[in-house]
Amino acid sequence: MLTEQAAIELQENLREQLILRDQLPTDLQLIAGVDVEYDKESDLIAGAIAVLDFHTLEVKALATHVMHVTFPYIPGLFSFREMPVLLEAWKKLALHPDLIVCDGHGLAHPRRFGLACHLGIVLDIPTLGCGKTRLFGDYEPLAEARGSIAPLLAEDNKEQVGNVLRTQAGINPVFVSPGHKISIDTATEIVLKMAAEYRLPETTRKADHYGREAMIAYKANGQ
DNA sequence: GCGACAG
DNA sequence: ATCTTGTCGC
């Protein structure tokens, strides 16, 4: 199995392929959410990819996959834990999206290579990361209004790695950063648009829902 | 040595 | 991630 050191070297090599400029359709049609559920009483995980119509939020395609975890949870090496099951689900997906929203960080990572970056490079699809808690970067307090942002800055306080974004007034912000083929500003703009009603983008909420459902079904039927 | 640490 | 309903506070 992959050692921790080999995983870090892999990140540093793949990072060179990252594109942090907008290289996605200007007229987005399909936007996908990915999420992974964990079973509390076993080492099963369920990956889900939900492809939504960017404008109506209607689910246009769905794919899930259940398997055993193959890598421990190590902050900074998160993608090695969740990517395998997501790649298996991707193989089953009939409709490929213009952009993927990941539950976790992209550029806002100690080596600037979070799950969103890794998935974007491997699939060669535009991706962005939307995390619920901070992993890397410093930021100042932000206003309470929906749409308020604060830049997420690397330790030197010069390099911006993402934005802290308040998607709902008075509710904890989310952490947005580019994965691949997208800019910080565009990623932030899209997350705000996708989180019109709740704290998290609709893509993430749908993927979470179907992933949970897939886990329950798998445990009930075996397979 | 101490604190931080996506899901 | 998961444990989890009512309850505290604005």
Side-chain angles (χ1 to χ4, degrees), chain A residues 4 7-8 10-11 14-15 33-50 64-89 100-121 127-139 143-146 152-157 161-180 184 187-188 191 195 199-201 203-216 218-219:
Chain A
E4 190 167 333
I8 290 173
L10 190 51
Q11 291 182 324
L14 290 175
R15 183 161 67 95
V34 302
D35 192 28
V36 175
E37 309 297 321
Y38 292 76
D39 180 26
K40 57 169 180 166
E41 50 201 15
S42 75
D43 63 349
L44 288 175
I45 56 177
I49 305 176
T64 61
H65 188 80
V66 178
M67 62 182 271
H68 296 276
V69 284
T70 57
F71 200 86
Y73 170 65
I74 301 172
L77 297 180
F78 187 56
S79 63
F80 295 93
R81 182 171 174 79
E82 296 207 336
M83 287 247 309
V85 73
L86 292 176
L87 293 178
E88 287 304 315
I100 298 174
V101 177
C102 302
D103 68 318
H105 303 283
L107 233 212
H109 175 281
R111 287 174 294 280
R112 315 297 190 274
F113 201 75
L115 169 66
C117 301
H118 198 162
L119 192 62
I121 292 291
T127 56
L128 69 83
C130 178
K132 294 182 285 293
T133 60
R134 192 202 77 101
L135 167 66
F136 175 83
D138 301 317
Y139 62 101
E144 296 295 324
R146 164 175 156 82
L152 242 191
L153 305 168
E155 294 94 337
D156 55 29
N157 264 28
V161 296
N163 272 324
V164 184
L165 168 69
R166 185 100 57 193
T167 55
Q168 294 296 321
I171 290 179
N172 286 159
V174 295
F175 298 75
V176 182
S177 59
H180 186 45
I184 291 175
T188 303
V191 169
R199 178 193 179 216
L200 299 180
T203 37
T204 300
R205 303 185 76 248
K206 286 291 193 295
D208 179 89
H209 172 83
Y210 291 117
R212 180 167 270 107
E213 211 170 67
M215 177 66 85
I216 292 171
Y218 184 91
K219 292 184 70 179

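Convention: sequence-line order gives letters A, B, ...; per-chain numbering from 1. Owing to the predicted nature of the structure, the values given are computational and were not obtained by experimental measurement.
Rounded to whole angstrom, the span from the OH atom of A:Tyr139 across to the P atom of B:dA4 amounts to 13 Å. Regarding A:Asp208, its CG atom lies at a distance of 13 Å from the C1' atom of C:dT2, rounded to whole Å. Between A:Glu144 atom CD and C:dC10 atom C1' there is a gap of 12 Å when expressed in whole angstrom units. What separates CG of A:Asp43 from P of C:dA1 is a distance of 18 Å, to the nearest Å. Rounded to whole Å, the distance from CZ on A:Phe175 to C1' on B:dA4 is 13 Å. Taking atom OH of residue A:Tyr38 and atom C1' of nucleotide C:dT2, one finds them 11 Å apart after rounding to whole Å. The distance from atom CD1 of A:Ile216 to atom P of C:dT2 is 11 Å, rounded to the nearest whole Å. Summarising the geometry, the separation between CD on A:Glu4 and C1' on B:dC5 is reported as 12 Å, rounded to the nearest angstrom.
Within the 4.0 angstrom heavy-atom criterion, no nucleotide atom of any strand lies near A:Glu41. No engagement by A:Gly170 is indicated, since no non-hydrogen atom pair under 4.0 Å with the nucleic acid exists. Contacts of A:Asp39 with the nucleic acid, taken as non-hydrogen atoms under 4.0 Å apart, are absent. A:Leu77 comes within 4.0 angstrom of a base, heavy atoms only. Within the 4.0 angstrom heavy-atom criterion, base atoms lie near A:Arg81. Contacts of A:Ile45 with the nucleic acid, taken as non-hydrogen atoms under 4.0 Å apart, are absent.
Between the side chains of A:Tyr38 and A:Glu82, at least one donor-acceptor pair of N or O atoms lies under 3.5 Å.
For B:dC5, the OP1/OP2 oxygens have no side-chain nitrogen or oxygen of A:Thr133 closer than 4.0 Å. One finds no side-chain N or O of A:Arg134 lying less than 4.0 angstrom from the OP1 or OP2 phosphate oxygen of B:dG7. At the phosphate of B:dG7, OP1 or OP2 sits under 4.0 Å from a side-chain N or O atom of A:Lys132.
Paired with A:Ser79 under the rule side chain to side chain contact (heavy atoms under 4.5 Å, CB included), one option of A:Leu115, A:Leu14, A:Leu119, A:Leu86 passes, and it is A:Leu115.
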Handout entry: DNA chain B base-pair string [pairs: Watson-Crick or G-U under 3.5 Å; |: paired with another strand]
Key = .......
Problem - Intra- and interstrand pairs of DNA chain C - dot-bracket, Watson-Crick/G-U under 3.5 Å, | marks other strand - result: ..........
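Between A:His118 and A:Phe78, the ring centre distance reaches or exceeds 6.0 Å.
For A:Leu135, taking side-chain heavy atoms from C-beta onward, the closest of the listed nucleotides C:dC3, B:dG7, B:dC5 is B:dC5. Checking B:dG7, C:dT2, B:dC5 against the side-chain heavy atoms of A:Lys40 singles out C:dT2 as nearest.
For A:Ser177, the side-chain contact (heavy atoms from CB on, under 4.5 Å) partners at least two apart in sequence or on another chain are A:His105, A:Leu107, A:Ala108.
Annotation: side chain of A:Thr64 is not in contact with side chain of A:Arg212 (no heavy-atom distance under 4.5 Å).
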